[in-house]
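In what follows, chains carry the letters A, B, and so on, assigned in the order in which the sequence lines appear, proteins first and then strands, with residues in each chain numbered from 1.
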Amino acid sequence: MNAIDGTDRRIVADEETPPSLLAVVLDTNPHAWAHLSSTLPLSRAIANLLVFINAHLASGNANEVAVIASHLNKAEWLYPTPKSRLSNRAPNGDIEMNGTHREGGSVPDNPNKYRPFSVIESAILKNVASLMDQTSEKNLKATPTTLIGGALSLALSYIAKSTLLHSPVESMSHENPLAHLADAELRTQRTPLASRILIISVSGDLANQYIPVMNSIFAAQRKRIPIDILKLAGDTVLLQQASDATGGVYMKPERPEGILQYLMMGFLPDATARRSLIMPSAGGVDFRAACFCHRKVVDIGYVCSVCLSIFCEPSLPDNLCMTCGSYLSLRSAQTATPALVQRKKKKKKRATGADSATPGGSTPAGSGTPMHA
Amino acid sequence: MSASSSQALEYLELLPRQTHTKLYEQPATALAVYRCMLPHLAKSIVMAMLYMPHPFSVGALNDWFRPSAKKDKEKSLAVLEQLHIIVLKQDANNQRSYELYPGFQRSLRQALQGSGTHRSFGVPANTPDQDKVSVAFLDEYARRKWENILFYMVGSTVGLQTGSRAENEIGNGTITLLKMGEFIQQAHGRVSITRAGFTFVLQETNAQVWSLLIVYLKHAPDLGMQETEVLSFLFMLGSLELGQDYTTSTLSPTQLQMLEDLSAFGIVYRSSKNASTFYPTRLAVTLTSDAGALASAEPISNALTGSSSTRNSSQQGFIIVETNYRIYAYTSSLLQIAVLSLFTKLTTRFPNLVSGKLTKESITRAVKLGISSQQIISYLNSNAHPQMQKQRPFLPPTVMDQIRLWEYEGERVETSIGYLMKEFHSDAEYRDLANYAESLGVLVWRNDSRKVFFVDRVEQISLYLKKKAQR
């Protein structure tokens, strides 16, 4: 009967899987890749990554990709290539990103390759090559680590921008006779963009970037963007926390040379597929934080009561919190501790003496009921 | 996977294994099948297995899925087996595991890596065309050709005088094809549209293209063409780039012949019959992607079904339906007016607007012609004006219900063609099979006490039974 009286009225459900944007952050730290060169040289990792990106693009018709290199001294776009690269860089070093722009012109036509694939591949390879050319020995000596925080923020901002671009407020064209009747609130596209970030990390010890990375993690958490981690070498507390907090995948393969299979099985399924699959996660996550003063991972630290900044030692300059500037005298907290413990013990003894029993045991019936009766 | 590709999938599923094997020799085809034919979860399975050095054991596969996703998993595996992409094997230790067919595996790997010398993604013309055509021209060309076909079908039924104009343009091959597909029928020299034809007209453009192409495919052997060659050419077309000219010198005779037919549909463009290059139009390049995917760029429905005089970019929906059954359609396209008049009593026409009313008479007339209420509602739904799309559901519920009720007045029995499964030996056997059918989504009706159930597709069930008998 339902079928006849129309009560099973179906609201057209969008069964289609939403297009997904994959932002890959590739750690290009030369120090770390040099260590890996015997098992997995960077060139092979990139070749495998390209196959993975192709697989991602093939998995959904509207899927998009963005690739960022987190290098020694800077985070650099590998794809899409920023428009202003080399030509006119803004004086403050900012790179103008005006969405994806087509860079098909120079790509050779290859009848053996699906064209969207070859466009992306050639762009990435060209940009990696130029990134490596720009790396000087001075840069190499300056730091052994990589700017993962900057790359993460770039990825997040790109995702935010794409999400906006992807669900545009549909504007009426001028010819449309209804244009003046339509009010400002117009239909937005029904399928939102599902984004995720994949960090391919080889560097250890990122504690010196604790604050920017943590901020990125919180931003991603808020925007429901999972951060997946493929940890080829090294070990950092920070990235484990990133994947744990955002519900991403964490994998530390024992054999990095099999990177492609890890990528294909563990990282390719998008948000829709992950609902029906069991994804690997970090397991035991180390939740230790790094202090704000020396960027060291600490077990026990001091926390500012106003802004929750973490410090590893109580000697703050002028007794002011380094982050928020409020008065924070940690030294007194430290010295007072033993005295407090002693006094507590005394109190306890006195309490047990006066009240005959511990609060837990005494309160029940015994004394209470007669008074009421 | 959208509605349009699902009918292509249905067709593809029924092909025999030899055809599949041959099809997957071309990396472009393997990639296209992967991209647009497979359910989402099946894609994950294929990719996980693509570079796996050893077969994927059934136990491991089950562990990979959440228990709640059992139904989706069964469905994905069934599709993959039906398409002969994966096969269930049993090794010496009685371990059962899934394996990709080597042909498919090799082709898909080649497609992703861009290796090999198969040249299956189309060879661009190496000499620059002196009179290169623009994308806008191609869109216009494709739209005109396609609208002519639709108008030919609809116009004759509605009785619009301009029918003769279209007839001259669409060519005899296309008319024959429409007849073969039973979209139209010709009686006493007069062309009239059939029930299947209405389904066809009310679909979205991408689905229409596939419907027509599937008819073409089914009749390819009669025309002396090989089904596989036709199919792989279509998949290749789907992976070409709009606005690029491709050379015809590498095509086989069959494909050259197809090119001629396809240009009659507006799927490819050739400057002349003997031109050495061809351009795929938007109809071609969206073959292997759903129209929704292009919505962000430039919706195919806009480019193709937009009114002919003002082809503006946001002609998404144009119909307003009021709760008093009045319809206002902002259009000046004869085709759209003709389609509307199939089930509406149109009263007034203005330069940019037609208005009318849905009446019992008009709906029952449409139902008699073979249009179902579901088709009418989905047509109104997919063409709802942006103002209508603000509310959910788009159409006033009273109108939707009334259209259904008017239809049901005429027909109280619903038929679905399929197979009745009965005479099970045991309750366990019945339950097992019925539940399997349910998880495949083919179960239409079941009666547990009498141990019978009804399915609309039987291939997977019989395969399952055979496997069970072997064990």
Side-chain angles (χ1 to χ4, degrees), chain A residues 3-7 9-12 15-17 19 47 50-52 54-55 58-62 104 109-118 121 165-166 168 170-178 181-182 185-187 189 191 258 260-261 264-266 268-270 272-273 275-278, chain B residues 1-2 27-28 31 34-36 40-41 43-44 47-48 50-53 63-66 68-69 72-73 110-124 239 241 289-290 292-293 295-296 310 312-314 316 330 352 381 385-387 389-390 392-393 397 400-401 404-405 408:
Chain A
I4 292 177
D5 66 8
T7 42
R9 187 184 306 131
R10 259 172 298 168
I11 296 172
V12 191
E15 280 176 31
E16 270 157 56
T17 48
L50 287 177
V51 173
F52 170 70
N54 288 347
S59 294
N61 287 314
D109 284 309
N110 181 355
N112 298 323
K113 202 173 245 178
Y114 188 42
R115 204 175 145 78
F117 293 173
S118 53
E121 276 182 31
L165 278 177
H166 217 268
E170 200 173 89
S171 58
M172 295 282 194
S173 76
H174 305 293
E175 296 99 298
N176 198 312
L178 270 192
L181 287 176
E185 186 207 325
L186 287 170
R187 190 177 70 102
Q189 223 168 22
T191 48
L260 187 56
Q261 182 59 33
M264 286 293 206
M265 193 154 176
L268 191 64
D270 65 5
T272 322
R275 278 203 288 273
S276 25
L277 298 172
I278 297 172
Chain B
M1 199 174 63
S2 67
L31 184 68
Y34 172 81
R35 278 174 54 215
C36 58
H40 195 66
L41 214 47
K43 290 180 184 174
S44 300
M47 275 303 165
L50 187 62
Y51 287 95
M52 206 177 261
D63 288 345
W64 192 32
F65 280 85
R66 288 182 203 274
S68 56
D72 290 335
K73 183 193 70 176
Q110 277 185 347
L112 289 186
Q113 296 165 345
S115 57
T117 52
H118 44 81
R119 299 165 85 84
S120 65
F121 287 103
V123 184
S239 53
E241 199 181 326
S289 60
D290 34 48
S296 52
T310 57
N312 47 35
S313 59
S314 66
Q316 191 85 58
Y330 287 92
N352 66 343
N381 234 331
H385 193 276
Q387 289 281 343
Q389 297 187 2
K390 276 196 220 158
R392 267 175 194 270
M400 287 201 282
D401 290 348
R404 282 201 196 93
L405 287 170
Y408 281 121

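Between the A:Gln261 side chain and the B:Ala48 main chain, a donor and an acceptor come within less than 3.5 Å of each other.
Remark: A:Ser276 OG to B:Asp72 CG distance equals 5.5 Å, nearest 0.5 Å. Here CD of B:Gln113 is found 9.5 Å from NZ of A:Lys113. Values are rounded to the nearest 0.5 Å.
Here the rule is side chain to side chain contact (heavy atoms under 4.5 Å, CB included) with B:Leu112, and of A:Phe52, A:Phe117, A:Tyr114 only A:Phe117 fits it.
Note on A:Ala273, A:Ala58, A:Ala47, A:Ala55: by heavy-atom pairs under 4.5 Å with chain B, the leading option is A:Ala58. Taking A:Gly258, A:Pro269, A:Ser59 one by one and counting their heavy-atom pairs under 4.5 Å with chain B, the maximum is reached by A:Ser59. Most heavy-atom pairs under 4.5 Å with chain A, from the set B:Ala69, B:Ser68, B:Ala28, B:Pro53: that is B:Ala69.
B:Met52 is listed as a side-chain neighbour of A:Met265, based on a closest heavy-atom distance under 4.5 Å. Side-chain contact between A:Leu277 and B:Phe65: present, with at least one pair of heavy atoms (C-beta onward) separated by less than 4.5 Å.
The contact between A:Leu268 and chain B is made entirely by side chain atoms (from C-beta outward), counting heavy-atom distances below 4.5 Å.
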